[in-house]
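Right, one structure below, let's go through it.
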Amino acid sequence: MITIKSEHEIQLMREAGQCLARVHAEVADAIRPGMTTFDVDHICEKTIRSLGCIPSFKGYEGFPAAACVSVNEEVVHGIPSKHKYLEEGDIVSVDTGVIWKGWQSDAARTHAVGKISQEAQDLIDRTRGSFFAGIKAATEGGHVNDIGRAVEDYILPFGYGIVEDLVGHGIGRELHEEPEVPNFTCRSRGIKLRKNMTIAVEPMINIGTWQVRVLDNGWTFVSADGSLSAHYENTILITEGEPEVLSLLPEEKKLYHVR
């Protein structure tokens with residue numbers, strides 16, 4: 001069921017989003033070669049709990065950690081490990097969420113580990129750019145699949161693959177609510193976007209094929225051809241005008257010229 005939030009509920013989701021933005025800021029400052037993916041998860045969980053929030057991913061459908069930490073060809077759902085070290089030149093995607101007073105926020109970022117190739121940096125930058133291109137279509141009266149079309153129009157000229165097996169989603173009291181939010185063009189336009197809907201928009205972009213496979217752990221998606229993958233996500237609010245990005249800090253909103 002698609003839920004329309006009240007002003008009070010939206011305020012709580014704003015607060016959840018600001019907590020999550022602070023978590024991502026802590027991670028961005030800490031990422032360096034020699035860390036393990038477990039270390040990254042520990043920073044996420046420690047910061048989440050220090051802010052009075054609950055890590056929404058931990059235990060969700062059996063997931064064992066507070067964050068999905070996915071390295072290089074891992075698209076999403078990388079399981080943190082004390083034995084997996086980040087190396088100079090890697091890229092690492094950190095996807096995590098919080099619950100604040102019963103309301104959720106979900107966001108992901110891909111980071112450079114030390115000095116990375118220009119090709120890898122371009123992938124990170126363009127994946128982030130595709131999110132901002134997509135949310136330009138996230139307006140009241142538009143349709144949910146307009147977002148995916150905008151992401152696709154931005155990405156395809158670069159020759160990248162847009163993952164189709166995984167999509168964005170509604171969010172509120174639950175981490176995953178209706179509707180699904182694809183990052184690619186669909187045959188139908190999908191449901192109409194209404195004021196005070198909250199959704200998570202999350203392009204997952206591979207430098208090679210769009211196709212993915214799942215590792216034997218049953219969780220981690222990797223690009224089918226082993227190419228690098230990047231992920232960028234925020235929780236957004238549909239308004240009468242441009243959407244409000246709930247999981248960016250004020251200085252980030254200013255940098256990216258969004259509400």
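- Of the possible donor and acceptor atoms, one in the side chain of S70 sits under 3.5 Å from a partner among the backbone N and O of G78.
- Annotation: F63, atom CZ; neighbour count of heavy atoms from other residues, nucleotides and ligands within 6.0 Å is above 12.
- With N196 contributing its side chain and I4 its backbone, the two residues share no donor-acceptor pair below 3.5 Å.
- Rounding to the nearest 0.5 angstrom, the gap separating the CD1 atom in I124 from the CD1 atom in I205 is 13.0 Å.
- One hydrophobic cluster, built from ILVMFWY side chains closer than 4.5 Å, cannot hold both W219 and V212; they sit in different ones.
- Across every non-hydrogen atom of F57 and D95, the tightest pair is CE2-O, 3.1 Å.
- Proximity of a side-chain donor or acceptor of N145 to a complementary backbone N or O of S188 within less than 3.5 Å is detected.
- Atom NZ of K253 is surrounded by more than 12 heavy atoms from other residues, nucleotides or ligands within 6.0 Å.
- The side-chain heavy atoms of V163 and Q211, taken from C-beta on, include no pair separated by under 4.5 Å.
- Heavy-atom neighbours of E119 CD from other residues, nucleotides or ligands within 6.0 Å: at or below the threshold of 12.
- Contact check for I10 versus R14: side-chain heavy atoms found under the 4.5 Å cut-off.
- Side-chain N/O atoms of N234 and R109 include a donor and acceptor closer than 3.5 Å.
- With hydrogens and angles disregarded, no donor-acceptor distance shorter than 3.5 Å links the side chain of D29 to the backbone of E26.
- Annotation for E180: atom CD does not count as buried by contact number, only 12 or fewer foreign heavy atoms lying within 6.0 Å.
- Following chains of ILVMFWY side-chain contacts shorter than 4.5 Å, one can reach V245 starting from V181, so the two form part of one hydrophobic cluster.
- Relative ring orientation between H176 and Y60 is described as tilted, the plane-to-plane angle lying within the 30° to 60° band.
- Of the possible donor and acceptor atoms, one in the side chain of S56 sits under 3.5 Å from a partner among the backbone N and O of G97.
- Side-chain atoms of L246 and I236, non-hydrogen and from C-beta on, never get closer than 4.5 Å to each other.
- Counting only residues at least two apart or on different chains, no ring-ring contact (aromatic ring centres under 6.0 Å, His included) pair has a member in residues 20-55.
- Closest approach of S130 to I155, counting heavy atoms only: CB-CG1, 3.6 Å.
- Contact check for I135 versus I147: no side-chain heavy atoms found under the 4.5 Å cut-off.
- A donor-acceptor contact closer than 3.5 angstrom is absent between the side chains of N206 and S227.
- Using a 4.5 Å heavy-atom threshold, the side chains of H111 and V27 count as touching.
- Hydrophobic clustering of Ile, Leu, Val, Met, Phe, Trp and Tyr side chains at less than 4.5 Å, counting indirect connections, unites Y232 with V258.
- If you check the side chains of E15 and W100, you find a donor sitting under 3.5 Å from an acceptor.
- Nearest heavy atoms, Y154 versus F158: O-CE1, 3.3 Å.
- Pairing each heavy atom of L249 with each of A25, the nearest pair is CD1-CB, 4.1 Å.
- Annotation: side chain of M204 is in contact with side chain of N183 (closest heavy-atom distance under 4.5 Å).
- A ring-centre distance under 6.0 Å is not found for F132 and H257.
- Judged by distance alone, the side chain of D41 and the main-chain N or O of P80 form no donor-acceptor pair under 3.5 Å.
- In terms of modelled atom types and a separation under 3.5 Å, the side chain of T220 and the main chain of L215 share no donor-acceptor contact.
- In this structure, a donor-acceptor pair under 3.5 Å is present between the side chains of D106 and H169.
- The heavy-atom pair separating E252 from A21 by the smallest distance is OE1-CB, 4.3 Å.
- Between W103 and R173, some side-chain heavy-atom pair lies under the 4.5 Å cut-off.
- To the nearest 0.5 Å, the span separating CD on Q18 from CG on L248 amounts to 8.0 Å.
- The closest donor-acceptor contact from the side chain of S105 to the backbone of L20 lies at 3.5 Å or more, if one exists at all.
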Discussion item. Under the criterion salt bridge (charged side-chain N to carboxylate O under 4.0 Å, His left out), I'd like the reasoning laid out for K195 against E240: C-alpha separation, chi angles, the key distance, then a yes or no.
Written reply: CA-CA 6 Å; K195 181 183 175 182; E240 292 177 343; 3.4 Å; yes

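- S93 and T110 are linked by a side-chain donor-acceptor pair at a separation below 3.5 angstrom, with hydrogens and angles left out of the test.
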Between side-chain atoms of residues 43-53 and protein atoms elsewhere (two or more places apart, or another chain), which donor-acceptor pairs fall under 3.5 Å?
{"from": "E45", "atom 1": "OE1", "to": "K58", "atom 2": "NZ", "distance (Å)": "2.9"}
{"from": "E45", "atom 1": "OE2", "to": "R49", "atom 2": "NE", "distance (Å)": "2.9"}
{"from": "E45", "atom 1": "OE2", "to": "R49", "atom 2": "NH2", "distance (Å)": "3.1"}
{"from": "E45", "atom 1": "OE2", "to": "K58", "atom 2": "NZ", "distance (Å)": "3.1"}
{"from": "T47", "atom 1": "OG1", "to": "I43", "atom 2": "O", "distance (Å)": "2.7"}
{"from": "S50", "atom 1": "OG", "to": "T47", "atom 2": "O", "distance (Å)": "2.7"}

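- Residues F184 and V151 form no side-chain contact, since every pair of their non-hydrogen atoms from C-beta on lies 4.5 Å or further apart.
- Judged by distance alone, the side chain of T198 and the main-chain N or O of I171 form a donor-acceptor pair under 3.5 Å.
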Item to complete: With salt bridge (charged side-chain N to carboxylate O under 4.0 Å, His left out) as the test, would you mind laying out the steps for K84 and E74 before giving the verdict?
Response: CA-CA 13 Å; K84 186 159 189 171; E74 295 175 344; 2.6 Å; yes

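- Between E177 and T3, the side chains place a donor N or O and an acceptor N or O closer than 3.5 Å (distance only, hydrogens not considered).
- Between the CD atom of E233 and the CD atom of E202 there is a distance of 3.5 Å, given to the nearest 0.5 Å.
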